[in-house]
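In what follows, every chain begins at residue 1, and chains take the letters A, B, ... in the order their sequences are listed.
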There are 2 protein chains.
Amino acid sequence: MPEIDPDAPEWPYRQIATTLRTEIRAGLWEPGKRLSTEKALCERFGVARETLRRALDCLREDGLIFTIPHRGTYVVDPLPAPTPE
Amino acid sequence: MPEIDPDAPEWPYRQIATTLRTEIRAGLWEPGKRLSTEKALCERFGVARETLRRALDCLREDGLIFTIPHRGTYVVDPLPAPTPE
DNA sequence: AGCAATTTGTTCGTATGTATT
DNA sequence: CAATACATACGAACAAATTGC
């Protein structure tokens, strides 16, 4: 069961962003802790690094994650209130 | 003051080539030095990467620039004599 | 102090699909 | 139809900072 569907109308990077957003909201990624590395996430979703990074950009805009250069990407703590819309 | 006019009769990539050619000839880009990255130039001119690269192709044909893969695009040193026409 | 591995940052090469001119 | 343009995506290579030994 691939985690993204290349044939879906939604772009892969958006599908990935949605998946990760849901997981973070569900608590699968603990606030304050580090997310998987870009490399690991690329392998998990079967996409190129650019695509994965594009997805992370979305989450960063949501205020759900932040990245420390050469260290990793972390889940914010505490999580921001979900934005309506 | 956008640097290119999408409504002009000239294609955007040609307008960009002309602008950069003029700047290089005027010495705004020092011979031997690196030009801005494709990304930065895309943002400056507000065009897609393909369009920007098409403009760089023109300058490359003019012998004004050369590109080192994964490093950047540089202004030739010395500049070639302007070709008549 | 030194060194290699890890990880993110950057940059160009290429290809595809869609829309516009 | 052909050329151009945009957005996305994959690939490759290199840079730079961090980490662990």
Heavy atoms only: give me the nearest A:D77-A:G32 pair and the separation to one decimal.
-> CB-N, 3.5 Å
Regarding the side chain of A:P12, the nearest nucleotide among D:dT4, C:dG13, D:dT8 is D:dT8
Salt-bridge criterion met for A:R54 and A:D57 (N-O under 4.0 Å) | no
With the 4.5 Å side-chain cut-off for hydrophobic clustering, are A:L41 and A:Y13 part of the same group?
-> no
Judged by nearest nucleotide, the residue sitting upstream toward the 5' end of DNA chain C, A:P69 or B:R60, is A:P69
In whole angstrom, give the distance that lies between atom CD1 of A:I16 and atom C1' of D:dT8.
-> 12 Å
When the distance from CZ of A:R53 to P of C:dG9 is rounded to whole Å, what number comes out?
-> 5 Å
Report, as a single string ordered 5' to 3', how protein heavy atoms within less than 4.0 Å touch nucleotides 15-21 of chain C: B base, S sugar-phosphate only, - not at all.
-> -------
Whether over 12 other heavy atoms sit under 6.0 Å from A:R60 CZ | yes
Measure the distance from CG on B:L56 to C1' on C:dT11 and round it to the nearest whole Å.
-> 13 Å
For atom CZ of A:R14 and atom P of D:dA9, their distance in whole Å | 9 Å
d(NE2, A:H70; P, C:dA5) in whole Å = 18 Å
Pairwise distance OG1(B:T73) to CG(B:L20) - rounded to 0.5 angstrom | 10.5 Å
Starting at the 5' end of DNA chain C and moving along, which residue's nearest nucleotide shows up first, A:R34 or B:T73?
-> A:R34
Tell which nucleotide pairs with D:dC1, taking only Watson-Crick or G-U wobble pairs whose two distances are both under 3.5 angstrom.
-> none
Nearest to side-chain heavy atoms of B:T37, which nucleotide of C:dC12, C:dG9, D:dT19 | C:dC12
Please check the phosphate of D:dC10 (OP1 and OP2 only) for any side-chain N or O of A:T51 closer than 4.0 Å.
-> yes
Report yes if at least one side-chain N or O of A:Y13 is closer than 4.0 Å to OP1 or OP2 of D:dA9; otherwise report no.
-> no
Flag if over 12 foreign heavy atoms under 6.0 Å of CZ, A:R21 = yes
Hey, any chance A:L59 and A:W11 share a hydrophobic cluster, counting ILVMFWY side chains that come within less than 4.5 Å of each other, even indirectly?
-> no
Roughly how many Å is it from CD in B:E38 to C1' in C:dT11, rounded to a whole number?
-> 8 Å
Toward the 5' end of DNA chain D, by each residue's nearest nucleotide, A:E10 or A:R71 | A:E10
Rounded to whole angstroms, how far apart are CZ on A:R49 and P on C:dG9?
-> 7 Å
Specify the separation, in whole Å, of atom NZ of B:K39 and atom P of D:dA15.
-> 20 Å
